[in-house]
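Heads up: the structure comes next, in structure tokens.
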Amino acid sequence: MSSLFPAVSPTPADRPALRFGERSLTYAELAAAAGATAGRIGAARRVAVWAVPELETAVAVVAALLAGIPAVPLNPKSGDGELAHILSDSGPTLVLAPPDAGLPPALSGLERVDVDAHATGPVPEDRSAEGDPALVVYTSGTTGPPKGAVIPRRALTSTLDALADAWGWTGDDVLVHGLPLFHVHGLVLGVLGPLRRGGSVRHLGRFSPAGVARELNGGATMLFGVPTMYHRVAEALPGDPELAKALTRARLLVSGSAALPVHDHERIAAATGRRVIERYGMTETLMNTSVRADGEPRAGTVGVPLPGVELRLVEEDGTPVAERDGESVGEIQVRGPNLFTEYLNRPDATAAAFTPDGFFRTGDMAVRDPDGYVRIVGRKATDLIKSGGYKIGAGEIENALLEHPAVREAAVTGEPDPDLGERIVAWIVPADPGAPPSLETLAAHVAARLAPHKRPRVVRHLDALPRNDMGKIMKRALNRD
Ligand code: MCA
Ligand code: AMP
């Protein structure tokens, strides 16, 4: 039996585990398919997973976890340079992919193993220790290429069990979502979460309010999404009684990855009588806090620390912020079994991320209410942008923009956006002021090099970038006026 997934076994045979569109697997079928795949990757050091939103991705990750081999999920929309970086950094032995997936040239040097979702093989004996690496998930920083966060098995079990406690999450729950499967939200919470409970997940392939309505009206009990998805639900509600009915009957609506605007929270509450629960996490920490299902779902807060998570707010000089007055701001630092182990091949970045007493510095700024509820009020780094729930480093985009011949100088910022939370703005000093590059040109240029969610949505032309005496770009001086 697997200590991560006790329910992934040949019995009981007909309990539903996964459904992607028309295709589904019971627990017995998943055990057989993942067992067969595990048998084919047995000696690998690490495996890459071509993380399209399909059944095979879930089978591949479960197979790797059953085999005790760390999995590196790849965004199938990554640019060639991004893929090359992840492959050289993480050194996977092979890539797992659906049989019909076309893989880009950047993966041509890697052995390919096609995942057969209907193969049969035995579940391997569980020989892993809880500190062993389970996943390597790449996450953007302010500068430089993304870093691989090494997530141990203990972090998966502790975070998922803490969420079960906070949300009353059981094997009777049926989760619906349309999140990508190469990040913690969609993969760990959205696929491994239901499987650890012995419940099931229905993946929409692609998010839409209509898909959410269909599944929640057809027996699903929980919805996970990023705020952009809840914004689109809130927009659709006035004209869609089926959607309103669906949300009203759901057991739990959960938002995360970025702040849910109070306006969207209130619109959903007014139309359905249901309040969306927010939880707060990070690739490096998995989940830290949540509003509890049996607690008060107050708009604008991410709730209380999860069981096992130590959370403190600290000032710039490291002094703890003791006040729970809803006003005193400090950086959130966390410690607990939910934390990652290290950034792969980056001892410098790993050391910088932790305090001497083992707390992880999240970079998120927050206050605490008198009853302990955490409210996130900002972020330390202006060079990290959250757009559609994706974390995006300004530096990566600036480097891509500077490769365009029509760009002399570039600075990237995020600005408020009602749908995406923040939209990416490119501030450009054109090489030829008479022929400045258009938004379409630069968006296509960036989308060809990086994942398309990193493309700018707005371009503004300047004669020069504002710089301080040291020559550093003053991003806070860049604004609409
Ligand atoms: C558009 N596209 C392009 C271009 N423009 N492709 C190439 N060149 C272009 N110039 C394509 C895109 O690839 C995409 O294709 C489609 O057009 C739409 O793109 P986009 O506008 O970016 O998508 P959207 O509709 O605005 O997406 C909104 C979204 C998405 C669905 C909410 O942002 C999303 O899935 N967000 C989830 C992020 C997430 O899971 N974050 C978790 C990390 P196609 O249509 O084929 O897709 S945070 C985390 O894990 C922590 C632990 C936490 O707390 O949760
Ligand atoms: P990532 O590195 O992509 O895992 O993103 C983690 C970041 O997302 C956190 O550091 C927060 O800034 C943000 N985040 C996640 N959940 C929430 C939330 N519920 N409210 C506000 N910000 C959030």
Side-chain angles (χ1 to χ4, degrees), residues 51-53 73 75-79 135 137-142 146-147 149 151 155 159 177-190 204-209 211 224-233 254-261 265 276-291 299-303 331-332 334 338 340 360-366 374-381 384-393 414 417 419-424 439-457:
V52 284
N75 176 354
K77 295 217 177 81
S78 301
L135 299 171
V137 179
Y138 279 80
T139 180
S140 290
T142 51
K147 302 188 287 282
I151 298 172
T159 222
H177 71 87
L179 292 156
L181 300 186
F182 44 85
H183 277 310
V184 162
H185 194 168
L187 181 63
V188 176
L189 274 59
L204 297 172
R206 186 193 180 96
F207 170 81
S208 71
F224 289 177
V226 295
T228 301
M229 295 171 180
Y230 283 101
H231 175 78
R232 294 179 185 182
V233 162
V254 186
S255 173
S257 303
L260 179 68
H265 180 113
V276 179
I277 276 181
E278 277 198 82
R279 93 301 179 280
Y280 157 66
M282 239 178 135
T283 304
E284 291 90 333
T285 65
L286 306 190
M287 295 303 114
N288 297 312
T289 73
S290 183
V291 171
T301 90
V302 294
E331 181 192 7
I332 302 176
V334 289
N338 54 315
F340 77 138
F360 176 74
R361 310 173 200 268
T362 66
D364 292 310
M365 307 301 290
V374 176
R375 286 176 192 271
I376 297 174
V377 296
R379 212 169 21 238
K380 262 182 141 172
L384 284 180
I385 300 164
K386 266 268 161 168
S387 188
Y390 286 113
K391 180 146 92 181
I392 303 165
D417 184 277
D419 181 48
L420 296 170
E422 287 182 286
R423 59 176 166 260
I424 296 170
L439 170 62
E440 293 67 32
T441 301
L442 294 180
H445 172 81
V446 172
R449 281 159 184 75
L450 305 173
H453 66 258
K454 299 180 181 176
R455 71 191 187 279
R457 309 279 176 149

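Note that this is a predicted model, so its numbers are computed, not measured. When a ligand or atom number is given, it counts from 1 through the structure's own listing order.
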Quick one: look at [X] and ligand 2, take heavy-atom pairs under 4.0 Å, and tell me if it's side chain, backbone, both or neither.
{"X": "Thr283", "value": "both"}
{"X": "His183", "value": "neither"}
{"X": "Glu278", "value": "side chain"}

Which residue holds the protein heavy atom closest to [atom], what is that atom called, and what is the gap in Å?
{"atom": "atom 9 (C) of ligand 2", "answer": "Asp364 OD2, 3.2 Å"}
{"atom": "atom 7 (C) of ligand 1", "answer": "Ala447 CB, 3.8 Å"}
{"atom": "atom 38 (C) of ligand 1", "answer": "Gly388 O, 3.3 Å"}
{"atom": "atom 16 (N) of ligand 2", "answer": "Ser257 N, 3.1 Å"}
{"atom": "atom 16 (C) of ligand 1", "answer": "Arg206 NH2, 4.7 Å"}
{"atom": "atom 5 (O) of ligand 2", "answer": "Lys386 NZ, 2.8 Å"}
{"atom": "atom 34 (C) of ligand 1", "answer": "Tyr390 CE1, 3.6 Å"}
{"atom": "atom 6 (C) of ligand 2", "answer": "Met282 CG, 3.3 Å"}
{"atom": "atom 31 (C) of ligand 1", "answer": "Met229 CE, 4.1 Å"}
{"atom": "atom 3 (C) of ligand 1", "answer": "Pro452 CB, 3.9 Å"}
{"atom": "atom 21 (C) of ligand 2", "answer": "Ala259 N, 3.3 Å"}
{"atom": "atom 19 (N) of ligand 2", "answer": "Arg279 O, 2.7 Å"}
{"atom": "atom 17 (C) of ligand 2", "answer": "Ala258 N, 3.5 Å"}

Sub-4.0 Å atoms of ligand 1 with respect to non-hydrogen atoms of [X]:
{"X": "His183", "result": "42 (C), 43 (C), 50 (O)"}
{"X": "Lys386", "result": "48 (S)"}
{"X": "Thr283", "result": "52 (C)"}
{"X": "Lys77", "result": "13 (O), 15 (O), 44 (P), 46 (O), 47 (O)"}
{"X": "Gly281", "result": "54 (O)"}
{"X": "Met282", "result": "52 (C)"}
{"X": "Val184", "result": "50 (O), 52 (C)"}

Does any N or O of ligand 1 fall below 3.5 Å from an N or O anywhere on [X], backbone included?
{"X": "Arg455", "answer": "yes"}
{"X": "Gly389", "answer": "yes"}
{"X": "Thr228", "answer": "no"}
{"X": "Tyr280", "answer": "no"}
{"X": "His453", "answer": "no"}
{"X": "Arg232", "answer": "yes"}

Item checked: The one among Arg279, Glu440, Lys454, His185 that brings a heavy atom closest to atom 54 (O) of ligand 1 -> Arg279

What do you reckon, does [X] put a non-hydrogen atom under 4.0 Å from ligand 1?
{"X": "Gly186", "result": "no"}
{"X": "Met287", "result": "yes"}
{"X": "Arg457", "result": "yes"}

Checklist line | Given Lys386, Arg457, Arg379, the one that forms salt bridge (Lys or Arg N to Asp or Glu O under 4.0 Å) with Glu422 | finding: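 That would be Arg379.
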
Note to self: Could you walk me through whether Val188 and Met287 satisfy the side-chain contact (heavy atoms from CB on, under 4.5 Å) test, starting with their C-alpha distance in whole Å, then the side-chain angles of each, then the deciding distance to 0.1 Å, before giving a yes or no?
What the structure shows: CA-CA 10 Å; Val188 176; Met287 295 303 114; over 6 Å; no

Check: Quick one: salt bridge (charged side-chain N to carboxylate O under 4.0 Å, His left out) partners of Asp417, sequence neighbours excluded?
Finding: Arg423

Just to confirm, does any protein heavy atom lie below 4.0 Å from [atom]?
{"atom": "atom 1 (C) of ligand 1", "answer": "yes"}
{"atom": "atom 11 (C) of ligand 1", "answer": "no"}
{"atom": "atom 18 (C) of ligand 1", "answer": "no"}

Please report the interatomic distance [atom1]([X]) to [atom2]([Y]), rounded to the nearest 0.5 Å.
{"X": "Glu278", "Y": "Arg375", "atom1": "CD", "atom2": "CZ", "answer": "10.5 Å"}
{"X": "His183", "Y": "Leu189", "atom1": "NE2", "atom2": "CG", "answer": "13.5 Å"}
{"X": "Lys454", "Y": "Ser387", "atom1": "NZ", "atom2": "OG", "answer": "12.0 Å"}
{"X": "Lys380", "Y": "Thr362", "atom1": "NZ", "atom2": "OG1", "answer": "8.5 Å"}
{"X": "Thr285", "Y": "Tyr280", "atom1": "OG1", "atom2": "OH", "answer": "6.0 Å"}

Next item on the list: Assess whether side-chain contact (heavy atoms from CB on, under 4.5 Å) is satisfied between Asn288 and Ile332, documenting all intermediate values.
Entry: CA-CA 10 Å; Asn288 297 312; Ile332 302 176; 5.8 Å; no

Next item on the list: Keeping the roles fixed (side chain from Tyr138, backbone from Pro73), state whether a donor-acceptor pair exists under 3.5 Å.
Entry: no

Next item on the list: Would you confirm whether Asn338, through its side chain, and Thr159, through its main-chain N or O, come within 3.5 Å as a donor-acceptor pair?
Entry: no

Item checked: Val302 near ligand 2 by a heavy-atom separation under 4.0 Å -> yes

